[in-house]
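In each ligand, atom 1 is the first atom listed, and ligand 1 is the first ligand listed.
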Amino acid sequence: MKNVLITGAGGALGKACVTEFLKKDYQVIVILSPNKKLSYATSSSVSIYNTDLMDEAATNTTLVQVIKDHKTIDVALLLVGGFTSGNIDTTDGALVRKMISLNFETAFYTARTIFGQMAKQPNGGRIVFVGSRPALDAKAGKGVLAYALSKTLIFKLAEILNEEGKEKNVISSVIVPSIIDTPDNRIAMPKANTGKWVKPESIAEIIEFATSEKGSAIRESVIKVYGNS
Ligand SMILES: NC(=O)c1ccc[n+]([C@@H]2O[C@H](COP(=O)([O-])OP(=O)(O)OC[C@H]3O[C@@H](n4cnc5c(N)ncnc54)[C@H](OP(=O)(O)O)[C@@H]3O)[C@@H](O)[C@H]2O)c1
């Protein structure tokens, strides 16, 4: 049985990924925020750890424990992230730092330990990051400056890790969803045409395929999942 580590598992995309990977018979290991429990039922048992992933030392300690408990991490989905709006007038340094901490540092701290572990494993491993469209497309980034800037770093990290992981069979990809059809987005944008949004379940299926044996022929490390938008 393969092991998948999922951060942000309490979120909308996290829930869909936990469900999808359990369906495909993975042992699912999740990291939730401190004191949080999974807020949804799962078809089989999930191994739960709690950590503030913005805290580098705490993240490393937890991941060392995860590796001790589970021996290998075949796939890691680094899904933690968050959104804020604002243009150059309304975005100050504090907001940029907050977004970098949430969207980049959480992924970076996790990837540091996980990459090292995967590099030691005979079969290597797969790391999946989550980017965002505004980080790739300036038009989409106009009103969401701090968010776009923070996600931009994810692409460069994955690119460099791919160079470093070549000889070790550690492959990193970035999934780039457009707006996801989540309960939070439906509340925030009540008048939007939700038919154009991409379902978290569709993204989860794509991630599972891309990290499976069948997906090993995919050479594109940036996977855009824009639905109908
Ligand atoms: N939703 C969209 O339309 C959209 C579009 C493009 C990209 N994305 C990206 O896709 C990913 C998932 O999005 P989503 O909508 O599923 O997000 P979400 O529902 O807000 O879930 C994010 C999860 O991250 C966890 N988290 C936040 N800070 C943490 C920390 N310091 N330590 C540990 N866990 C922490 C949250 O847990 P707690 O709440 O318990 O702290 C939450 O469960 C994110 O990276 C997001 O930027 C989303």
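- Using a 4.0 Å cut-off to heavy atoms of Lys36, the atoms of ligand 1 that qualify are 38 (P), 39 (O), 40 (O).
- When only interatomic distances are considered, the shortest N/O to N/O separation between Leu53 and ligand 1 falls below 3.5 Å.
- Side-chain contact between Trp197 and Ile180: absent, with no pair of heavy atoms (C-beta onward) separated by less than 4.5 Å.
- For atom 15 (O) of ligand 1, the closest heavy atom belonging to the protein is Thr182 CG2, 4.0 Å.
- Near Ala12, the atoms of ligand 1 lying under 4.0 angstrom from a non-hydrogen atom of the residue are 16 (O), 19 (O).
- The shortest side-chain heavy-atom distance between Asp69 and Gln65 falls under the 4.5 Å cut-off.
- Interface atoms of ligand 1 facing Thr51, defined by a heavy-atom separation under 4.0 Å, are 32 (N), 33 (C).
- Looking only at side-chain heavy atoms (C-beta outward), Val46 and Leu22 come within less than 4.5 Å of each other.
- In this comparison of Asn35, Thr106, Leu13, the heavy atom closest to atom 14 (P) of ligand 1 sits on Leu13.
- For atom 11 (C) of ligand 1, the candidate residues are Asp181, Leu79, Ile154; the nearest heavy-atom contact is made by Leu79.
- Residues Asn35 and Asn50 have side chains not in contact (no heavy-atom distance under 4.5 Å, counting atoms from C-beta outward).
- When hydrogens are left out, the protein atom nearest atom 23 (C) of ligand 1 is Gly8 CA, 3.7 Å; that is the closest non-hydrogen contact.
- Every atom of ligand 1 is numbered from 1 in the order shown, and the set under 4.0 Å from a heavy atom of Ile179 is 3 (O).
- Counting only heavy atoms of the protein, atom 4 (C) of ligand 1 lies nearest to Ile180 CD1, 3.5 Å.
- Note: the hydrophobic cluster containing Leu136 also contains Met99 (ILVMFWY, side chain heavy atoms under 4.5 Å, direct or indirect links).
- A donor and an acceptor atom, one from each side chain of Asp74 and Tyr26, are nowhere located under 3.5 Å apart.
- With Glu105, Arg133, Met189, Lys151 as candidates, the residue nearest to atom 45 (O) of ligand 1 on a non-hydrogen basis is Lys151.
- Judged purely by distance below 3.5 Å, without hydrogens or angles, the side chains of Ser178 and Ser229 pair a donor atom with an acceptor atom.
- Between Thr106 and Leu78 there is no side-chain heavy-atom pair separated by less than 4.5 Å.
- Counted by atom type alone, Thr194 and Asp181 present zero donor-acceptor pairs between their side chains at under 3.5 Å.
- With distances taken over non-hydrogen atoms, the option nearest atom 6 (C) of ligand 1 out of Phe83, Tyr147, Trp197, Tyr226 is Tyr147.
- Under 4.0 angstrom from ligand 1, the non-hydrogen atoms of Asn185 all belong to its side chain.
- Here the closest non-hydrogen pair linking Met1 and Asp25 is CG-O, 3.2 Å.
- The closest protein non-hydrogen atom to atom 35 (C) of ligand 1 is Ser33 OG, 3.4 Å.
- The nearest heavy-atom contact from the protein to atom 10 (O) of ligand 1 is Val130 CG1, 3.3 Å.
- Not close to ligand 1: Asp184, with no non-hydrogen atom less than 4.0 angstrom away.
- Near Leu102, meaning under 4.0 Å from any of its heavy atoms, are these atoms of ligand 1: 27 (C), 28 (N).
- In the model, Asn60 has no side-chain atom that pairs as donor or acceptor with a side-chain atom of Glu56 under 3.5 Å.
- Atom-to-atom distance recorded for Ile73:CD1 and Leu63:CG is 8.0 Å, nearest 0.5 angstrom.
- With distances taken over non-hydrogen atoms, the option nearest atom 31 (N) of ligand 1 out of Leu32, Thr59, Asp52 is Asp52.
- Residues Ile207 and Leu157 do not share a hydrophobic cluster, clusters being chains of Ile/Leu/Val/Met/Phe/Trp/Tyr side chains in contact below 4.5 Å.
- Remark: minimum distance from atom 43 (O) of ligand 1 to any protein heavy atom is reached at Gly11 N, 3.0 Å.
- Counting heavy atoms of neighbouring residues, nucleotides and ligands inside a 6.0 Å radius, atom NZ of Lys2 exceeds 12 of them.
- Short contacts between ligand 1 and Ser178, defined as distances under 4.0 Å to a heavy atom of the residue, involve ligand atoms 5 (C), 6 (C).
- Residue-ligand proximity, Gly131 to ligand 1, at heavy-atom distances under 4.0 Å covers atoms 7 (C).
- Close approach of ligand 1 to Gly81 (heavy-atom distance below 4.0 Å) involves ligand atoms 22 (C), 44 (C), 45 (O), 47 (O).
- Closest to atom 26 (N) of ligand 1 among all protein heavy atoms lies Val80 CG1, 3.7 Å.
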